[in-house]
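Below is one structure; the comments refer to it alone.
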Amino acid sequence: MATTKLNPDRLTGPQKAAVFFLTMGQEFTAGFFKVLDEKSIKRLGKQMSEINYIPSDIAQKVMDEFMANIGNDVNQVVPWKPGRFKTSG
């Protein structure tokens, strides 16, 4: 298995997604994977398996970009199904 060295200035979309899900943790990721198709799960899983360490600056950059994008897009449509995503607490 190849190990990917992450370059904060050259992260691909799939790498950003992998960093995001690895940062969010197993429970969140498992819940999200339930709504993905098999092809997407395999592609994302491959990216995730190639990352064995996420430097804090890269995790911060990915999360900052996510928050900026989610905050700026007022036209997002998310198909909601009660109970799809559970939060702890």
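It should be emphasised that the depicted structure is a prediction, and the values quoted were computed from it without experimental measurement.
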Q: Hey, can you tell me if F20 and F28 have their rings parallel, tilted or perpendicular (30° and 60° cut-offs)?
A: perpendicular
Q) Between K42 and E38, does at least one N-O distance fall below 4.0 Å, as a salt bridge requires? A) yes
(Q) Just so I know, are the side chains of M48 and T29 near enough to count as touching, which here means a heavy-atom distance under 4.5 Å? (A) yes
Q) Any link between V62 and Y53 through a network of hydrophobic side chains (Ile, Leu, Val, Met, Phe, Trp, Tyr) touching at under 4.5 Å? A) no
Q) So do I51 and Q47 actually touch side chain to side chain, heavy atoms under 4.5 Å? A) no
Q) Atom CZ in R10, atom NZ in K5: separation rounded to 0.5 Å? A) 13.5 Å
Q: Name the orientation class of the two ring planes belonging to F33 and F21 (parallel below 30°, tilted from 30 to 60°, perpendicular beyond 60°).
A: perpendicular
Q | Gap separating the CD1 atom of I54 from the CD atom of Q15, nearest 0.5 angstrom | A | 11.0 Å
Q: Might you point out which heavy atoms bring L44 and L36 nearest each other, and give the distance in Å?
A: CD2-CD1, 4.4 Å
Q. Would you call D9-K61 a salt bridge at under 4.0 Å N-O?
A. yes
